Amino acid sequence: MNDQSQSPDILSVRKVSKRFDISEPFLNRLLERRPKRILTAVDEISFDVPRGKTFAVVGESGCGKSTVARLLMGLHTPSGGTIRFEDSDITHMAPGKPPALRRRMQMIFQDPFASLNPRWRVRDIIGEPLKNFGICKTRAEVTQEVEKLLVQVGLNAADAKKFPHEFSGGQRQRLSIARALTTRPELLICDEPTSALDVSVQSQILNLMKDLQDEFGMSYIFISHDLAVVWYMADVLAVMYLGKIVEVGPKEQIFENPQHPYTRLLMETVPKLTVGGIERAPVSGEVPNPISPPSGCSFHPRCPLANETCRTVSPELKVRAQGAQSACHAADAGRLPSWTRMAAE
Amino acid sequence: MFAFLLRRIVQAALVMLVVASIAFLMFRFLGDPISNLLPEDATVEERADLREKMGLNDPFVVQYGRFIANAAQGDFGQSYRNNRPVSDLLAERFPATAELVLVAASLALALGIPLGIYTALNPRGWISQGLQVVSLLGISVPTFVTGILLILLFSVTLGWLPSFGRGGVVDLGGWTTGFLTLSGLKALILPSIMLALFQMTLIMRLVRAEMLEVLRADYIKFARARGMPNRMLHFKYALKNTLIPVMTIFGLQLGGLIAFAIITETVFQWPGMGFLFIQAVNFSDVPVMAAYLVLVSFLFVVINTIVDLLYHVVDPRLRVEKSTARGV
Amino acid sequence: MTPRKLLLTATTALSLAFGGAAQAETFRLGTNGDLYGLDPHSMTDSFTVSFLNHIYEALVRYDADLKIEPALATSWEQIDETTVRYHLREGVKFHDGQDLTAEDVVASVNRAAHEDSPIRGNIAGLVGAKMVDDMTVDLLLDGPNPLLNNFLTNILIFDAGWLKEHDALDPIDAQKGEEGYTTSHANGTGPFRFVSRTPDAQTVLEVNEVWWDTPQHNITRIELNPINSDATRVAAMLSGELDMIVPSPLQDSKRIEATEGMHVLEAPGLRAIMMGFNLSDQLNNSATEGNPLQKVEVRQALVHAISYDLLRDKIMRGKSRNLGTLVAPQVPGFDEANDEIPAYDPELAKQMLADAGYADGFSFNMNCPNDSYVNDAAICQALAAMFARVGVKADLTAETKAIHFEHARANETDMFMLGWATLPMLDGYSVLSAMLHTPGGQMGTWNPGGYSNAEVDRLTKAVATELDADKRLAMMVEAFAIAKNDVAWLPLHAQPLSWAARDGVSIPQTGDDKARLWLARID
Amino acid sequence: MSTFMPMLYSAWDSDIAYSFRKSRVAVISSLLLLAMFLAAILAPHLAPQNPFDIAELSLFDSELPPAWAEGGNPAYLLGTDTQARDVLSSIMYGMRISLVVGFASVILAAVLGVTLGLLGGFLGGIVDAVLMRIADVLLSFPPILVALLINGVLRGALPQSAQADSALIVLILSIGLTNWVQYARTVRGSTMVERRKEYIEAARTLGTGSVAIMVRHILPNVLGPVLVIATINLGMAVLTEATLSFLGVGMPPTQPSLGTLIQIGNEFLFSGIWWVVVFPAVALAVLVLAVNLLGDWLRDALNPKLR
Amino acid sequence: MTLLELDNIVVEFPTRRGPLEAVKGLSLELDEGQILGLVGESGAGKSITGAAITGLIEPPGLIRSGQVRLRGQRIDNLAPEKMRRIRGKEIGAIFQDPLTSLNPVYTVGEQLIDTMRVHLGLDHKAARKRAIDWLAEVGIPAPEARLDQYPHQFSGGMRQRVVIALALCAEPKLIIADEPTTALDVSVQAQILALLKRLCRENGTAVVLVTHDMGVIAETADRVAVMYAGRLVEIGDVAQVIQDPLHPYTKGLMNSIPQIGNRDARLTQIEGAMPGLRNPAPGCAFAPRCPQAMDTCRTLRPIPVDAGSGQVACHLFGEAQ
């Protein structure tokens, strides 16, 4: 679409952080001498989203992946760093602003039940951006456009009159997609779009998204906790842990030979459809409290390879042999054991 | 905890300041005390003289400052009507109201909670349905009507219980109590029933609603799945969770009791603060009105602070440091 | 049987058993308000002063027929125009055992006449007192005063030594916000001693066994229970918790009479209920230009619009006495001729209004108290309805007395209700000086409408100092005739007294609405 | 027209309507309410007499017993009071006033509370903190006392001549200004929940402005509990009005509300003319009871957890 | 030996539009010590089946017909008090959300001790000792200190461990685990499943594992029952059902699961959505979505027939009746 653009990346993120102040009221802190409590949801992350490709972010709940999506859409203001959409700095732009740029990036949310206003009819839900961004002038135009979009995502034109509660979860997610497509966006941010859906419906939605990407040449930022889904969707993959990207690179390389113990842990825990896999050693520990993250490498309490360096020094992302980057002292020191699991049939 | 307490105190001070200001506004706007103080045939000069003496001619700000400064020391001046320091009057009346409210509150709790639990546990029984309707009736009939009906029935028709006053009281060093004489106890019955009725129905309905809510909670379902006996399920597991929110509301209701005591005391000639207040309203006895308002809001703030503290004690989720729990 | 009754029976039985001739009788009185305090010099509230008459006494007192009779003074004589000499009664003892002496009278009179005394207004013209000897006192005046003894009924006598001991020689000034020993303690010479008091709950007196007068009563103990709510007070009466209630609501008379063992006491009262006019140049109700009420014909028309009989029969349940003049029949200054009730004639009223140029009527503000006089608000409502029938619209506001009298006095209302009992002087001069004289100085303090008539003013001044009773009366009657002619005020009725008592209580009911329990008997 | 009938049908067929039809209590109480509303609204046309028009009153007809009792006059079905007002008419007109005070104060409280709650919940920060502190202060007072206070201050502030006419407005203001906190807190709570929901985030990313989000997105979703509170508050407001009138600071006796009628009638409790207090008291109790029953039902019907 | 038998149970919820059958005649058996996975999409009736076994169907729902037998004894028609004694003692339950499953105002110890005292008749001291053992057993460090802490002081994974301890502490023979790991982080899920599996093996406890996640089944269960629209479509040994599913729905389901390493450009998808429970069409509920649907499928409902290691309800297998 935007072939005139020089840059191969549609979006670039540089050292973006988001800190939330979750302190108690001032007086309490003063009296009980408690420090300010800062939750660092996103910690100086940088990445580029290649045009027309899918950039996937994977991690467990609380790792900051959803915050990233909201930062990009302007729903949160970054505490530091820059976000550029093509050549425009949108770091501190409010959501929906500037309209000319924002209409080129849209978002699909996780919860198909919460992301559609239950009191609105489908026509109004999907028509909202058409009016806000001035895409359609008349009511008739809106109706026509809505019906077209509904068909495009596999629903009926007649569904425009219905309310969200008359649809199943999968159908609602189609509505969300239709709404996002109204502005013909070039970048679609998908925040766990299928995690609330049943498997058989998930495959429909994932297929639909792939089809739409092929049809419109959109770029995706695809956020998920499910490595198997990411395997299917991603071109480039970033693994997040406690607000940081611990590994990023082309999907194939990461899946073939993950260069971070956490990535490996995630791979281990993907349930395999081969019977009896549970006998393998389960991983210990849980994700620590992000308010007081561990020192050094935040993964060290759960890492079988952790040593003194890991406990004190925070590792940097470094390019590994295969071209992916990972932030791991063990990998730096070559202490990372070789990786064998690759479940390709 | 300490911080919490201090925050409450700051908040309370703020509330009290606002209340005091409102009380002062009354001085400005309510009836002129002069008419009550002087005989009907006093001269214009006498009136002007008195205005001057009472400082009613001073600038607004001066009067306000003086009022707040005095109020902070518990000095609300002299009652226009009773010719005595307001603080003495209120101190004298406080026991009557306190005992009335105490008995009414106990009555409301002692009946409201069991009835609420009963209706929650047997939501479809006809007794429960009946109680539901009766409780609605309880909050639909104005309290003054109930009071008058009580007098009509128990005093005039049956002649069982006194229709006015506190009966015999015993002075325990500044605190007069009606608990120690038979006539004092008898005199308490009707007024406290009238006062308690409304609150009782409120509490009953509240307990019922909360209990039904709690009984639907996952942890009750899980406890039921573990085969815990109903008795334990209802009266241990569910009840404590039910009563925590009820406690807060009851704190607010206690203030409501103090306020509604105005009506009860009016009907029963109960020599308490509320009666003093409504008489003060009729006589434009502003110092008494102001002091009453400030005192009631003070009591209210104290009660609610205590309730909040209790809340911290009873509810472990608030008691323990949050940091051990997993954050966001 | 209530415990109180039980106790009563028990004590009665006990005293009988011990053969005591004196029977112990407790008198439980219910009233519609409480005492302001125990110091009769600190306020002018007539109910408070009247009740304190059981504890304290004055030099003279009204008897059951409202005639002056000797009390602490046995006789008196006019020495000159400004001096009256009083001879005190021998052998009178205060409740604490002290003897009554001239010193006590001087201290008490000076206390009442002190420049800070709130009751000073009640004894205009009294300059001070001078001790002649132990049992003789001269009262000093600023001129001839025909009403001195009337005033003196209200100047109750303290024990000078007791006052001194408790630092209470200066009057309590309610306005300054002082609380005195005398507010909560009492020591008089009266038929009853003060025992205890809980404000708004109960005040208890016990009989003074060494009272100087021969007791006609058989009461040993008085319990005063203030019960403000009419319904509750009547309920307490009906349920046998009280021996007497003052007042008893008119509408409940039937019920009380129908109840076995109790009855209603009724008598004509001294208080004249009337409506005052705004006579200034502009009505407060801005809809009408000027002030139609300034015209005598308009006021006259309003009088003809009122059906006195209907008011009496319906609102006052036939208990009130229609009044054509400004004082009740018992009060000096009353005259049959002035008392003629104007005819009820709405047609005439309309005609008169039309003649005065108000054929389409007009509207004005009308203010009434709702807690001051018997059925006050109801009277005003009925009046408004009657005015409406002749095309005059009265916008009625009924409010509590404190606010009502403030509004009325500030002339913020075009028509207002006022009741005047002429107490304590019990004389028409009270009306002349306060309500009819042109406002200014000590005069016309209750003439907010601004009625002014030179002849009335002249007569008022003359009445003030005229010692010849007959001449004085004639002048008052003349002044009231002028006022009636001018429709200076609109008199309605003399308010009826209504008490209720259980059978076995006998008590004289005087027009001043004061229950004199030392004249009551109970069995 | 083509969409109207199906819309009507879907409204009839909705869960709320179904639960309404199934609830005998709800049907009866709403019928009762409807009857009383109509009686109140149409009072000038239905009532035998206009009790506010003093020219219509004649003391000759005062204190007549109900029509069926001995001495009753068929013209006055429920008898007359001491001012010769027809009790039935007084009740109808009094109900009118009680309902006007009730509705107006509820609407005032709801509009104020919903607006402030929306603002506080959506904007958060200082706006929210200030609003909630004000709410705390107001909550620190029992409502009846707040109403008494506001009533007193307003009365004092108004010129004397305006007071008779302004009694109604003073009552509405004092009750309305007392009760908004409940709405504000509820709406604020719901708004804070809704604000975090993804459809709001979606609307923001789609360029919908804050005001539009508050009004068009959040408001419709937080109105359910507001409706419940409003219904229950209507009953409370009518009672508060009655209580204030009982305490002598309500409607003047010339324009009596139900509360004033009871207060006046209370004085005649022992005098045998029971009808002047019994009928207004029953009317008030039935009115409030019906409102409360409806509110109860509505709360259950709108509570998703009970479905 | 057969521990649990469900015999053609029908679970019904009365609604304003008539009764709604959430489970429409389901039969299955479970041996002692066996782990049975009950799998299906949301709305398939699997959780309600679990609730039917424990007798905890939310009123007004009820078991309209059929029997639930535990060791041959009917338990679906027991008096409430009798059923209560079975719950916890014979049949335990674990729910989805560990955050809300624990009573917030009592310590975990108190909840454990109460449960054991009710069912095992222990005195307080003995129960407390056992409670500490149980906490240690489910892998909670410093169990003695943790015993007196409140649920909110535990992390999500730790809470689910407590829940497991609570469910097992009265030593039931059967556990109904309803989506026990769905609310947990992926890296914790495996730990909890392993724990559950180990404890049940050790105690000989049978498990009905209700889940929508085939991966969980594959790793944990011995047998698997697949439900669709209130009915059982296939039951068999886990290896067979996963690797060689018979029913077209099971096949579609297995194929639609994305698999790491699978390089197909598109996932296999089952078109459409599961039909609502209301107004069931005659015939096989899956027929509208079934790529192999035949005419009979739309008119005749298939009944389960023996096939493979278990049974399958499909016209492709055996005769329709």
Side-chain angles (χ1 to χ4, degrees), chain B residues 117 120-125 128 207 210-248 307-328, chain E residues 50-51 53-56 58-60 80-107 110-112 114-119 146 148-159 163 166-170 172 175-176 178 185:
Chain B
I117 294 171
L121 294 183
N122 310 286
R124 278 161 223 283
S128 299
V207 169
E210 285 294 337
M211 188 95 172
L212 283 175
E213 189 93 38
V214 169
L215 286 177
R216 279 194 296 271
D218 279 354
Y219 52 82
I220 295 297
K221 242 187 265 172
F222 184 44
R224 185 167 279 139
R226 295 201 306 276
M228 305 305 273
N230 276 340
R231 198 168 22 84
M232 189 181 257
L233 214 59
H234 296 155
F235 297 107
K236 182 172 179 183
Y237 282 20
L239 192 58
K240 197 169 173 191
N241 284 291
T242 302
L243 292 185
I244 287 173
V246 169
M247 212 167 65
T248 325
V307 166
D308 277 3
L309 288 176
L310 278 177
Y311 208 107
H312 272 69
V313 172
V314 176
D315 191 339
R317 283 164 292 191
L318 297 174
R319 194 192 318 157
V320 191
E321 284 287 313
K322 287 171 197 143
S323 54
T324 38
R326 217 182 117 198
V328 185
Chain E
I53 298 168
T54 44
L56 286 175
E58 296 269 313
E81 178 58 21
K82 277 202 172 142
M83 190 61 208
R84 177 188 74 70
R85 286 175 200 282
I86 288 175
R87 276 199 295 268
K89 182 88 184 95
E90 303 282 337
I91 307 175
I94 298 171
F95 295 134
Q96 177 172 354
D97 191 351
L99 289 164
T100 56
S101 286
L102 297 172
N103 196 323
V105 299
Y106 290 102
T107 62
E110 222 166 329
Q111 298 181 48
L112 271 168
D114 280 348
T115 309
M116 284 189 280
R117 293 186 68 184
V118 163
H119 288 297
R146 297 292 253 170
D148 295 319
Q149 291 189 342
Y150 289 92
H152 68 268
Q153 292 164 282
F154 289 74
S155 67
M158 286 295 160
R159 277 193 224 187
V163 167
L166 271 166
L168 290 175
C169 68
I175 290 280
I176 312 295
D178 189 353
D185 272 334

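Just so we're on the same page: letters track the sequence lines, and every chain starts at 1. Because the structure is predicted, anything quoted here is derived from the model rather than measured.
- Within the 4.5 Å cutoff, the side chain of E:F95 has no heavy atoms near those of the B:D218 side chain.
- Between B:Y219 atom OH and E:L102 atom CG the span is 11.0 Å, to the nearest 0.5 Å.
- Closest heavy-atom contact between E:V118 and B:G227: CG1-O, 3.9 Å.
- Inter-residue side-chain proximity for E:R87 and B:R226 is flagged as unmet; no heavy-atom pair is nearer than 4.5 Å.
- A distance of 10.5 Å separates CE of B:M228 from CZ of E:R117, quoted to the nearest 0.5 Å.
- Atom CG of B:L233 is separated from atom CG of E:N103 by 9.5 Å, given to the nearest 0.5 angstrom.
- Between chain B and the options E:K89, E:E110, E:H119, E:M158, the largest number of non-hydrogen pairs under 4.5 Å is found for E:H119.
- Atom CD of E:Q111 sits about 8.5 Å away from atom CZ of B:F222, to the nearest 0.5 Å.
- We find that E:D114 and B:K236 are joined by a salt bridge, their nearest charged nitrogen and carboxylate oxygen being less than 4.0 Å apart.
- B:N230 and E:R84 make their closest contact through N-CD, 4.2 Å (heavy atoms, listed as atom of the first residue, atom of the second, distance).
- For E:E58, the part lying near chain B is the side chain, with the backbone staying farther off; criterion is any non-hydrogen pair under 4.5 Å.
- In this structure, chain B has a heavy atom under 4.5 Å from the backbone of E:I91, while its side chain stays farther away.
- Using a 4.5 Å cut-off between heavy atoms, E:L56 touches chain B through its side chain atoms alone.
- In terms of non-hydrogen atom pairs under 4.5 Å with chain B, the most contact-rich of E:A170, E:A93, E:S101, E:P172 is E:S101.
- Both the backbone and the side chain of E:T100 come within less than 4.5 Å of a heavy atom in chain B.
- If you tally non-hydrogen atom pairs under 4.5 Å between each of E:P104, E:G92, E:A51, E:P151 and chain B, the highest count goes to E:P104.
- Taking chain B as the reference chain and counting heavy-atom pairs below 4.5 Å, the highest number among E:T115, E:D97, E:I86, E:T107 is found for E:T115.
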